[in-house]
Amino acid sequence: MRGTDLNMIESPYDGCGKCLLGVRRLSRMKLATSSPERQREDVLTAAASVDGHIIGWADDWEVSGATDPMTRPRLGPWLRDEKGPYDGLVAAAVGRLGRNVVDCLNTGYKMRDEGKLLVTYDHEGPWDLDDQVDENRFTMEGWGAQRELRAIRRRNRNATIKTRAAGRPKGKPSYGFPFIRRVMGGKIDHVELHSHASTVIRLVARGSWPTPSATHPAARRLD
C-alpha cells in the first residue's frame with residue numbers, strides 16, 4: 001500500500017460495491033493507549049488493499065470482547081440492518097469482531113450469506129468462508145481470540161484471589177460496604193454494611209426511594 005493516502009479512504013456511501021464499515025473495539029480505554037489509532041490505520045490499509053473505502057465507523061470502546069457483536073452499541077445496529085446499506089466489514093483482526101469462535105463465525109457467515117465482504121488487516125484479500133482453507137484459518141483465529149480471553153479472565157481471577165488473601169483489594173469498596181482494618185494501616189480484615197448506607201440500600205431495593213422534597217436526610221444529600 002505504499003504511496004496510498006489513507007486520508008482518502010474515507011468517503012460516503014456511493015453504491016460502488018465496496019462501501020465498507022470500519023470496526024474497532026477495545027475493552028478498556030487508557031490515556032496512554034494508541035490502539036485506537038493503530039486499529040484505524042490497519043482498517044484503512046485493509047480497506048485500501050481491496051480497493052474499498054470506509055463509509056463509517058463502528059467504534060465500541062469500553063466494550064468487552066465477550067459481548068455478542070449483534071448487541072454491541074455501535075456495531076450491533078449495523079448488523080441488525082438499522083443503520084443503512086453497507087457492503088461489508090473491515091477490522092484490524094478477527095479478534096476485534098469477536099472474542100470467541102461462535103461470535104466470530106456467526107458474524108463471518110452473516111457477511112457470507114448476505115454477499116458482503118469481510119476484510120481484516122492480517123489476511124490478504126477478503127475472507128472466503130466457502131473456501132475450506134479460509135474457513136479453517138478464520139475459525140482458528142476465532143479460537144485464538146477465545147483462548148486469549150480465557151487467559152485474561154484467569155489471570156484477573158487469580159490476581160483478585162491473591163490480593164484479597166493479602167488484604168489488598170483491587171478496587172474501591174461498593175457503596176455502603178466500607179473496608180475494615182483491625183489495625184490502622186494494616187491489612188483489610190473484612191467489609192461490613194455501613195449503618196446509614198444500609199437505609200439507602202434498602203430503600204432502593206424496595207423501589208421506595210424518597211422524592212427530593214422529602215425530609216429524609218439521604219434524599220437531601222444524594223439527590
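Note that the coordinates shown come from a computational prediction; the quantities given were computed from them, not determined experimentally.
- Note on V94: it clusters hydrophobically with W78, by side-chain heavy-atom contacts below 4.5 Å among ILVMFWY residues.
- Under a cutoff of 6.0 Å and an axis angle of 45°, R24 and W57 form a cation-pi pair.
- Placement of L79 and V119 in two distinct hydrophobic clusters is found when ILVMFWY residues are connected by side-chain heavy-atom separations under 4.5 Å, directly or transitively.
- In this structure, L105 CG and L129 CG are separated by 7.5 Å, a value rounded to the nearest 0.5 Å.
- Residues V23 and V43 form no side-chain contact, since every pair of their non-hydrogen atoms from C-beta on lies 4.5 Å or further apart.
- In this structure a side-chain-to-backbone donor-acceptor pair under 3.5 Å is present from R96 to R25.
- The CG atom of D87 lies 6.0 Å from the SG atom of C16; values are rounded to the nearest 0.5 Å.
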Given L118 and R112, is the side chain to side chain contact (heavy atoms under 4.5 Å, CB included) satisfied, shown in steps? CA-CA 8 Å; L118 182 61; R112 181 199 64 183; over 6 Å; no
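- Under the 4.5 Å side-chain heavy-atom criterion for ILVMFWY residues, no single connected hydrophobic cluster contains both L21 and V50.
- Scanning both residues, C104 and G98, for their nearest heavy atoms gives SG-O, 3.4 Å.
- If you take CG on D122 and CD on E141, they are separated by 5.0 Å, rounding to the nearest 0.5 Å.
- L26 and S35 make their closest contact through CD2-OG, 3.5 Å (heavy atoms, listed as atom of the first residue, atom of the second, distance).
- For residues 130-158, every residue pair satisfying the ring-ring contact (aromatic ring centres under 6.0 Å, His included) rule, not counting sequence neighbours, is listed here: W127-F138.
- The distance from atom CG of L20 to atom CD of E10, rounded to the nearest 0.5 Å, is 12.0 Å.
- Environment of CD in E114: crowded, with over 12 heavy atoms of neighbouring residues, nucleotides or ligands closer than 6.0 Å.
- Although no hydrogens or angles enter the test, the distance criterion places no donor-acceptor pair under 3.5 Å between the side chain of D14 and the main chain of C19.
- For D103 and N106, the side-chain atoms include no donor-acceptor pair closer than 3.5 Å.
- In this structure, I54 and V90 have side chains that are in contact, with non-hydrogen atoms separated by less than 4.5 Å.
- The only member of D60, T107, V63 that meets side-chain contact (heavy atoms from CB on, under 4.5 Å) when paired with L75 is D60.
- Annotation: side chain to side chain donor-acceptor pair (under 3.5 Å) contacts involving residues 67-77, sequence neighbours excluded, are absent.
- Of the possible donor and acceptor atoms, none in the side chain of H53 sits under 3.5 Å from a partner among the backbone N and O of I55.
- The two residues V101 and G142 make their nearest non-hydrogen contact at CG2-C, 3.8 Å.
- One hydrophobic cluster, built from ILVMFWY side chains closer than 4.5 Å, holds both L97 and M111.
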CA sep, side-chain torsions, deciding dist, call: Y109, E135, side-chain hydrogen bond (donor to acceptor under 3.5 Å, both in side chains): CA-CA 10 Å; Y109 289 146; E135 184 181 43; 2.5 Å; yes
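- To the nearest 0.5 angstrom, Y13 atom OH is 11.5 Å from Y86 atom OH.
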Starting from the C-alpha separation in whole Å, work towards a yes-or-no answer on side chain to side chain contact (heavy atoms under 4.5 Å, CB included) for R137 and H123. CA-CA 10 Å; R137 179 180 170 184; H123 180 267; 3.5 Å; yes
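- Within a 6.0 Å sphere centred on CD of Q132, heavy atoms belonging to other residues, nucleotides or ligands number 12 at most.
- K116 places no side-chain N or O within 3.5 Å of a backbone atom of L89 that could act as its donor or acceptor partner.
- Side chain of R99 to backbone of S64: no donor-acceptor contact under 3.5 angstrom is found.
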